[in-house]
Amino acid sequence: MAAEKWVHTVTAQTPTNIAVIKYWGKRDEVRILPVNDSISVTLDPDHLCTVTTVAVSPAFDRDRMWLNGKEISLSGSRYQNCLREIRSRGGDVEDKEKGVKIEKKDWERLNLHIASHNNFPTAAGLASSAAGFACLVFSLAKLMNVEEDLSQLSAIARQGSGSACRSLFGGFVKWKMGSKEDGSDSVAVQLADEKHWDDLVIIIAVVSSRQKETSSTSGMRESVETSLLLQHRAKEVVPKRIVQMEEAIKNQDFASFTQLSCTDSNQFHAVCLDTSPPIFYMNDTSHRIISLVEKWNRSEGTPQVAYTFDAGPNAVLIARNRKVAVQLLQGLLYYFPPKSDTDMKSYVVGDNSILKEAGLEGAKSVENLQPPPEMKDKIGSQDQKGEVSYFICTRPGRGPVVLPDQTQALLDPVTGLPK
Ligand SMILES: Nc1ncnc2c1ncn2[C@@H]1O[C@H](COP(=O)(O)OP(=O)(O)OP(=O)(O)O)[C@@H](O)[C@H]1O
Ligand SMILES: C[C@@](O)(CCOP(=O)(O)OP(=O)(O)O)CC(=O)O
């Protein structure tokens, strides 16, 4: 039937996020319900994002997905749970021009094609699963005319990957652990949008490393089973920190924000060490970056830069403003210069207009950098060449958006196959 040849598509873009009060530990492994609340900053999708195109057509014979150009299996329970939940909420969709007419009940039998692309390395400790599952759920909700609000959608994305629920919003986001057994109140809410505190500049040091040995999922399971510190953290420490962090964000209190982010990151890694067998996510480079920031903050009298590390060695550094970010980048490049043949624009990516402000456009300019005064004679320059793969300069950013421009779609509008 000619009328049954239509392909209906939606394309969306979703950001990643970095937790400043960490989620580590589940009370329910299947529904992905956490043992404590967490708070994150959404990163600007202009620099780090997932783009996903979803399509539905009566011509599709099964659900299929392509990730970064390669077909992947959707049989895993996390994908299946997200697809089941979103399908059950689908509404009526009609596009008379294209002959599209879908009724609520049709979503159970219609098959989907999904193509997704991360504009940054997948499974490299840059939260691709967070942006990826948030984008999957958001784009399907738009395709299926789901009427639920973003918090309700976050409870579906949560079932793909816990941290994904926080990528449904821009700015500063809290994942409330909730108390219901079915997880319906374990949702993300926005604390403040990305314009609320727009002085902040975020520099991520992507630290060279082998593939990590312990995934977040299995690492946190082992911590829940063996770490007494995790129980103390979830019960006694995080609830107070959440209140303080909300206050710090509301008042743009950078000193408290820094103190809370750094101690929470360090406690999360202490929980990893307290796990049996212990889990090591940070490496010597991560520790060197912590020392550098701690020494600098102490010498300035008031905190200038916050750091936080997820389940890997990459450092996420949050500078209080652009001027500080410029100095931070100069210090980082002094200690972690690129290899001699590296182009600066591929060593500092994202918002690399900061290179000009830092006078660091040419590789030679790095050689002329002086050590930050408080660090003189502490660690020699050049020793750390190659320890950092590259830096990403970004800022707090917006939440998911639909991309109406067909040229950005990853699936062909006629065949529904990857372009
Ligand atoms: N764009 C995407 N769409 C759907 N699923 C994705 C997408 N990107 C990644 N994923 C899923 O997330 C998995 C990678 O998650 P993993 O937790 O290993 O890495 P990460 O999220 O990049 O790193 P980390 O959790 O350490 O920050 C992939 O194997 C895939 O299942
Ligand atoms: C260290 C963290 O990044 C842990 C993220 O864990 P995931 O969300 O990747 O884990 P699953 O729910 O098992 O998919 C801290 C955080 O993002 O809060």
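Values in this document were obtained by computation on a predicted structure and should not be read as measured data. Hydrogens, waters and symmetry mates are skipped; everything else that's a heavy atom, side chains included, is used. Positions are given from 1, in the same order as the sequence printed here.
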Non-hydrogen side-chain atoms of M344 and E361 separated by less than 4.5 Å: no
Could you check whether any side-chain heavy atom of V41 comes within less than 4.5 Å of a side-chain heavy atom of V20, counting everything from C-beta outward? yes
Report yes or no: do R78 and N81 form a side-chain donor-acceptor pair below 3.5 Å? no
Regarding T263 and N266, do their side chains bring together a donor and an acceptor under 3.5 Å, going by distance alone? no
Hey, does the side chain of D193 reach the backbone of G171 with a donor-acceptor pair shorter than 3.5 angstrom? no
Is a salt bridge present between K250 and E246, judged by a nitrogen-to-oxygen distance below 4.0 Å? no
For the backbone of P15 and the side chain of S167, can you confirm whether one donor and one acceptor N or O come within less than 3.5 Å of each other? yes
Any donor-acceptor N/O pair, Y281 side chain to T214 backbone, under 3.5 Å: yes
Of all heavy-atom pairs between F254 and V305, which one has the smallest distance, and what is that distance? CE2-N, 3.7 Å
Are side-chain N/O atoms of N17 and T42 paired as donor and acceptor at under 3.5 Å? no
Ignoring hydrogens and angles, tell me if any N or O in the side chain of D28 forms a donor-acceptor pair with the backbone of V30 under 3.5 Å. yes
What I want to find out is whether R233 reaches D264 closely enough, with some N-O distance under 4.0 Å, to be called a salt bridge. yes
Checking D310 side chain against G312 main chain: does a donor-acceptor pair fall under 3.5 Å? no
Paired with D63, the side chain to side chain donor-acceptor pair (under 3.5 Å) test is passed by just one of H113, R87, Q80, namely R87
Side chains of D182 and S184: is there a donor and an acceptor less than 3.5 Å apart? yes
